[in-house]
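The structure appears right after this line, and notes come after that.
Just so it is clear, the model here is predicted, and its values are computed rather than measured.
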Amino acid sequence: MIHSFLRSIGFREMKKSSDVYELLEEIINHPDIQQAEVDQNGNTFIECKKEFGDGIGIAVCGDYLDNTEFHMQYYYPYLLGTSDSTWEPVEIERHAEKESYAGICDDVRLGVTLIFYVQNHTEVMRERKLAGHYRNGVSATLSGLASYGKILLPIQKTAEQIEQRRKSDEHRIHLITEAREGNPVAMEHLTLQDMDVYTSLSRRVMREDIFSIVESSFMPYGIESDQYTVLGEILDCRKISNHMTGEEIWNIALNCNNILFDVCINAKDLLGEPAIGRRLRAQIWLQGKINY
């Protein structure tokens, strides 16, 4: 019953299920926000949210039995993002066992399918009721809860190297876009480019540390589709506290493969001191708000 990422928002020391139940009862009885919507089966879906710090909180979802007693189905901790992370169309897939959703997005900056846990359930249900089907979002505001993290020093680069990297990224995005449209020349160029990168990396890794070569990365982690290992540049960072437990949390704005999103991590789970320009390597549970 104890969520793996409760620690990320300041409940690191909460280890007893009885304490969690007491906390959830408080949220149900005294929510900051309560939203209701009718699901596709005609049941009234209720979502109660309560904040425990700046942008961090817990959502409890369920329905009413006989219109009187609230029945909790599940809960999840969350971090509210602050900027639109992707402007690619976002598809929605309902989870099989409960009334929750996954957002699916093919962002050309990553080159892989991005899957995240949707935060605004009731809005998704409302849009489905109006349109008769799940509508794609026009953008998504992403955020991540980290269970563990480490601060790395930045890679030293000249202005010429930064400009060369920018042009290379733009060219790769163009090739990926063309390849998705079926252009065989673009597919061939991408294959050759990947082979060149692999060859260069194989040579350099013999005498250099891998994190001095790889500046940024976004890799799936484990068997759950919305968890990732990320490595990105810190754009901003600030320390906030959980006003219930007093635990300190780092809220870090990250640039990972040119995708901007916020990550929060318990200060006790972070090795090193975050600062603008340094890098964060962390294991995260990716969440997001779908924008219509």
Side-chain angles (χ1 to χ4, degrees), residues 5 7-10 12 51-58 76-88 90 103 105 107-110 112 114-120 137-157 162 165-166 169 173 211 214-221 226-243 247-291:
F5 290 92
R7 63 190 303 134
S8 307
I9 63 167
R12 188 174 187 269
E51 286 203 356
F52 293 93
D54 188 9
I56 58 172
I58 296 175
Y76 65 94
Y78 65 84
L79 166 68
L80 299 177
T82 56
S83 60
D84 286 343
S85 306
T86 176
W87 287 91
E88 296 290 336
V90 182
C105 174
D107 197 303
V108 293
R109 291 170 294 180
L110 290 178
V112 297
L114 185 68
I115 301 174
F116 60 91
Y117 187 88
V118 174
Q119 294 175 334
N120 52 327
V138 297
S139 67
T141 303
L142 301 178
S143 60
L145 302 182
S147 59
Y148 166 81
K150 183 184 294 185
I151 299 298
L152 304 179
L153 293 174
I155 295 177
Q156 187 174 11
K157 296 169 290 186
I162 293 173
R165 174 63 184 270
R166 185 187 65 81
D169 288 343
I173 288 172
F211 294 117
V214 179
E215 181 180 355
S216 178
S217 67
F218 203 101
M219 298 282 291
Y221 173 78
D226 51 11
Q227 294 190 26
Y228 298 87
T229 296
V230 299
L231 172 65
E233 180 185 357
I234 297 174
L235 303 178
D236 193 16
C237 58
R238 59 192 177 95
K239 188 174 281 189
I240 59 178
S241 64
N242 183 311
H243 58 65
E247 293 185 24
E248 294 186 324
I249 301 129
W250 280 106
N251 189 329
I252 299 173
L254 209 62
N255 179 356
C256 186
N257 283 27
N258 295 320
I259 292 180
L260 310 182
F261 59 96
D262 298 314
V263 172
C264 77
I265 181 171
N266 196 299
K268 292 183 178 179
D269 292 326
L270 181 63
L271 180 62
E273 187 72 18
I276 296 173
R278 294 179 181 176
R279 293 178 295 163
L280 171 70
R281 182 172 184 263
Q283 297 168 0
I284 68 167
W285 177 37
L286 191 65
Q287 305 178 338
K289 175 181 179 291
I290 294 179
N291 304 313

**Full working for side chain to side chain contact (heavy atoms under 4.5 Å, CB included) between Ile151 and Leu271** = CA-CA 6 Å; Ile151 299 298; Leu271 180 62; over 6 Å; no
**Message:** Among Leu145, Ile265, Leu79, exactly one meets side chain to side chain contact (heavy atoms under 4.5 Å, CB included) together with Phe5. Which residue is that?
**Reply:**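 That would be Leu145; it is the only one of Leu145, Ile265, Leu79 passing the side chain to side chain contact (heavy atoms under 4.5 Å, CB included) with Phe5.
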For the student: nearest non-hydrogen atoms of [X] and [Y], plus distance:
| X | Y | value |
| --- | --- | --- |
| Asn266 | Gly10 | ND2-CA, 4.0 Å |
| Gly272 | Pro274 | O-CD, 3.7 Å |
| Ser8 | Ile249 | O-CG2, 3.5 Å |
| Cys256 | Ser217 | SG-O, 2.9 Å |

Could you check whether any side-chain N or O of [X] sits under 3.5 Å from a backbone N or O of [Y], counting only pairs where one atom can act as donor and the other as acceptor?
| X | Y | value |
| --- | --- | --- |
| Ser216 | Asn257 | yes |
| Arg279 | Leu153 | yes |
| Gln287 | Leu80 | no |
| Thr86 | Glu88 | yes |
| Asp54 | Ile240 | no |
| Ser85 | Leu142 | yes |

Any side-chain heavy atom of [X] sitting closer than 4.5 Å to one from [Y]?
| X | Y | value |
| --- | --- | --- |
| Arg281 | Thr229 | yes |
| Leu231 | Leu152 | yes |
| Asn251 | Ile56 | no |
| Gln119 | Ser143 | yes |
| Leu254 | Ile234 | yes |
| Trp250 | Cys237 | yes |

**Asked** Relative to each other, are the rings of Tyr228 and Phe218 parallel, tilted or perpendicular (30° and 60° limits)?
**Response** tilted
**Asked** According to the interplanar angle, ranging from 0 to 90°, do the rings of Trp285 and Tyr117 count as parallel (below 30°), tilted (30 to 60°) or perpendicular (above 60°)?
**Response** tilted
**Candidate pair Val138 and Val90, rule side chain to side chain contact (heavy atoms under 4.5 Å, CB included), full reasoning** = CA-CA 6 Å; Val138 297; Val90 182; over 6 Å; no
**Request:** Start with the C-alpha distance between Ile290 and Phe116, add both sets of side-chain angles, then the distance that settles side chain to side chain contact (heavy atoms under 4.5 Å, CB included), and finish with yes or no.
**Result:** CA-CA 10 Å; Ile290 294 179; Phe116 60 91; 4.1 Å; yes
**Asked** Just wondering, are more than 12 heavy atoms of other shown residues or ligands nearer than 6.0 Å to OH in Tyr76?
**Response**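 Correct, the count exceeds 12.
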**Request:** Would you please test Thr141 and Asn291 for side-chain hydrogen bond (donor to acceptor under 3.5 Å, both in side chains) and show each step?
**Result:** CA-CA 7 Å; Thr141 303; Asn291 304 313; 3.2 Å; yes
**Item:** Summary of salt bridge (charged side-chain N to carboxylate O under 4.0 Å, His left out) pairs that have at least one residue in residues 248-257, sequence neighbours excluded
**Value:** Lys239-Glu248
**Message:** Taking salt bridge (charged side-chain N to carboxylate O under 4.0 Å, His left out) as the cut-off, I'd like each qualifying pair that reaches into residues 250-277, sequence neighbours left out, listed once.
**Reply:**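 Listed once each, the pairs are Arg7-Asp269, Arg12-Asp269.
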**Asked** Can you list the steps and then say if Ile252 with Asp236 is a side chain to side chain contact (heavy atoms under 4.5 Å, CB included)?
**Response** CA-CA 6 Å; Ile252 299 173; Asp236 193 16; over 6 Å; no
